[in-house]
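Here's the structure we're looking at; comments come further down.
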Amino acid sequence: MVEFDSADEANTELLQKLKHLDVRVESAERKDGGLCQNGCWKSLKWKATLNHIGLLVSLSLYCGVGGLIFRQLERPAEVERLQYLKNVVKTKRENFINVIINNTDVNNLDQLLKFELAKYEEAVQEAAEGGLLIEAEQDFPEPYERWSILQAVFFSSTVLTTIGYGNIVPVTIGGRAFCICFALIGIPFTLTVIADWGRLFATAVSVLGRHMPKTPKVTNFIGRTWFYALSAVLFLCVYLAIGAGLLLLWEDDWTFFDGFYFCFITMTTIGFGDLVPKKPNYMLLCTLYILIGLALTSTIIELVRRQYATSWAKLQELSGPMAETLRRLGETAGTGLDYTALQKVLTVSMPKWNMSRKDPNNADIAALEAITNAILKEVKEAQNNKPKVLQIVIYESSV
């Protein structure tokens, strides 16, 4: 409620009307909020709960089936490519050894060694980039299977969530064509699931906020809505920290900050690809963590965005025909009623009723309009009865 002092006893009755109206508005809001609180839990049905779970399960099945298809399309080509790299490295290695052992021309030995060594190093570099370990005794093994079932499912999840790390990509024509179709169908489906779970999280946050016994004192300084927004961001940081802690259990060469950085880059769908998990034994858990985290992150970002929009709307509350009329009256009012405070009361109190969907039979709305019209009428009459004052300013100069 806006408090201000009246400078003229003639305006006391107007101020009392405004204060009484503000009290009625706040009491009606509390009553409406109480009805919402009492009916929130009753509106939750098992059917809605099963719909939320069903969407997530359907997306998981779609992701799993897509991963299996990707593996069938890409794994044979991957095996063939790795075998080719192994053969190239073996051939270049044998040629390099034969030059050292069988060459009898000492004059050309230096040039031959440089030539064969350059070829062997090039083959080794290509094999290392292709995913082979440079260990001749173990037949240049593959450190991990890129297109394993778990890796393929994880890859399909990165396609659906548009993260795209880039460490694993389809190289065959069939794999790339399937990726296009898979993404065209799956990305809208994934966004639907994320939005659905985001609304679920938002509802849970709203219900928890309404059932809090009391708000901390810090809300007196930053406001209740900003407090909820900052609390949501803090909860997101905790969620990312939990993911970072889990990654430390499997990734031996990662630090806690590396895990936190990876989780943040993933949840915001930036996906640089500079840090990517390599252990396949927890890829399904990582996929589920990402899907839930994306819904949570999108909800929190939306809450913060709405708070920005609300703050900006409050800065623009003093706009509209009524506000402009009061502003013009305030410019010519003189030293009587504080028209700026009056304007704030009207422009701040009226939006609380959501006038776009008001009920014409509502007595409170009718009372609000009647009092507003009476105020404007009395203000205009007071202005017409005030004598005009001519102010003369004399400037002294040396001329």
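Keep in mind it's a predicted model, so treat the numbers as computed, not measured. Throughout, numbering of the chain's residues begins at 1 and tracks the sequence. Only this structure's heavy atoms are used, side chains among them; waters, hydrogens and symmetry mates stay out.
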>> Going by the rule side-chain contact (heavy atoms from CB on, under 4.5 Å), which residues pair with Phe115 if we only count those two or more places apart in sequence or in a different chain?
In response: Lys119
> Can you check whether Pro170 reaches Leu73 side chain to side chain, under 4.5 Å on heavy atoms?
Replying inline: no
>> Run Glu126 and Val89 through side chain to side chain contact (heavy atoms under 4.5 Å, CB included) and show every step you take.
In response: CA-CA 9 Å; Glu126 185 178 358; Val89 173; over 6 Å; no
> Within the side chain of Trp197, is there an N or O that forms a donor-acceptor pair under 3.5 Å with the backbone of His52?
Replying inline: yes
> Where is the tightest heavy-atom contact between Leu82 and Gly130, given as atom of each residue plus distance?
Replying inline: CD2-O, 3.4 Å
>> Please evaluate residues Phe70 and Cys179 with respect to the criterion side chain to side chain contact (heavy atoms under 4.5 Å, CB included), reporting the C-alpha separation (whole Å), side-chain torsions for both, the decisive distance (0.1 Å), and the verdict.
In response: CA-CA 8 Å; Phe70 274 118; Cys179 185; 3.8 Å; yes
> Going through the distances and angles, do Cys263 and Leu247 end up as a side chain to side chain contact (heavy atoms under 4.5 Å, CB included)?
Replying inline: CA-CA 9 Å; Cys263 292; Leu247 288 173; 4.0 Å; yes
> Under a 4.5 Å cut-off applied to non-hydrogen side-chain atoms, are Glu116 and Arg93 in contact?
Replying inline: no
> Would you say the side chain of Glu145 lies within less than 4.5 Å of the side chain of Gln151, judging by non-hydrogen atoms?
Replying inline: no
>> Can you confirm whether Ile149 is buried at CD1, in the sense that more than 12 heavy atoms of other residues, nucleotides or ligands lie under 6.0 Å from that atom?
In response: no
> Going by heavy atoms in the side chains, are Ile270 and Phe272 under 4.5 Å from each other?
Replying inline: yes
> Which atom pair, heavy atoms only, marks the closest approach of Val153 to Ser156?
Replying inline: O-OG, 2.6 Å
>> Less than 6.0 angstrom separating the ring centers of Tyr165 and Phe262, yes or no?
In response: yes
> Taking all atoms of both residues into account, what is the closest heavy-atom pair of Thr287 and Ser157, and its distance?
Replying inline: CG2-CB, 3.5 Å
>> What I'd like to find out is whether the side chain of Arg146 reaches to under 4.5 Å of the side chain of Phe155, using heavy atoms alone.
In response: no
> Under 4.5 Å between side-chain heavy atoms, hopping through other hydrophobics if needed: is there a path connecting Leu296 to Val233?
Replying inline: yes
> Are Ile185 and Leu56 co-members of a hydrophobic cluster defined by side-chain heavy atoms under 4.5 Å apart?
Replying inline: yes
>> Let me check something: do Leu249 and Trp254 share a hydrophobic cluster, defined by ILVMFWY side-chain heavy atoms less than 4.5 Å apart, either directly or through other members?
In response: yes
> Taking all atoms of both residues into account, what is the closest heavy-atom pair of Ala183 and Val159, and its distance?
Replying inline: CB-CG1, 3.9 Å
>> Taking atom CD as the centre, does Glu142 end up with more than 12 heavy-atom neighbours from other residues, nucleotides or ligands that are less than 6.0 angstrom away?
In response: yes
> Counting only heavy atoms not in Tyr84, do more than 12 sit closer than 6.0 Å to its OH atom?
Replying inline: no
>> Hydrophobic clustering (ILVMFWY, side-chain heavy atoms < 4.5 Å, transitive) - are Ile265 and Ile301 grouped together?
In response: no
> Under a 4.5 Å cut-off applied to non-hydrogen side-chain atoms, are Thr269 and Leu294 in contact?
Replying inline: yes
> Is there side-chain contact between Val171 and Arg81, with heavy atoms separated by less than 4.5 Å?
Replying inline: no
> Is it true that Val65 and Leu150 fall in one hydrophobic cluster, defined by side-chain heavy atoms closer than 4.5 Å?
Replying inline: yes
> Taking side chain as C-beta onward, heavy atoms only, is Tyr239 less than 4.5 Å from Ile292?
Replying inline: yes
>> Quick check on Ile173: does its CD1 atom have over 12 non-hydrogen neighbours (other residues, nucleotides or ligands) under 6.0 Å away?
In response: no
> So, Arg71 side chain and Trp147 main chain: donor-acceptor pair closer than 3.5 Å or not?
Replying inline: yes
>> Other residues, nucleotides and ligands only: do more than 12 of their heavy atoms fall within 6.0 Å of CD on Glu135?
In response: yes
> Counting only N and O atoms by type, is there a donor-acceptor contact under 3.5 Å from the side chain of Thr158 to the main-chain atoms of Gly164?
Replying inline: no
> CZ of Phe201 to CZ of Phe235: how many Å apart, nearest 0.5 Å?
Replying inline: 8.0 Å
> Which value, rounded to the nearest 0.5 Å, describes the distance between Leu275 atom CG and Thr266 atom OG1?
Replying inline: 9.5 Å
> Between atom CG of Leu191 and atom OG1 of Thr162, what is the distance when rounded to the nearest 0.5 Å?
Replying inline: 7.0 Å
> So, for Leu85 and Ala127, which heavy atoms are closest and what is the spacing to 0.1 Å?
Replying inline: CD1-CA, 4.1 Å
>> With a 3.5 Å distance limit and no angle check, can you tell me whether Asp196 reaches the backbone of Thr192 through a side-chain donor-acceptor pair?
In response: no
> Is there a donor-acceptor pair closer than 3.5 Å between any side-chain N or O of Asp258 and the backbone N or O of Thr255?
Replying inline: yes
>> Let me confirm one number: the OG-CZ distance from Ser148 to Arg75, rounded to the nearest 0.5 Å.
In response: 8.0 Å
>> Quick check: closest heavy atoms across Gly131 and Pro143, and the distance to 0.1 Å?
In response: O-CD, 2.7 Å
> Roughly how far apart are Phe178 CZ and Glu74 CD, rounded to 0.5 Å?
Replying inline: 10.5 Å
> Hey, mind stepping through Phe182 and Phe189 against ring-ring contact (aromatic ring centres under 6.0 Å, His included) and telling me if it holds?
Replying inline: CA-CA 11 Å; Phe182 181 74; Phe189 184 29; over 10 Å; no
> When rounded to the nearest 0.5 angstrom, what is the spacing between CG in Leu200 and CD1 in Ile53?
Replying inline: 9.5 Å
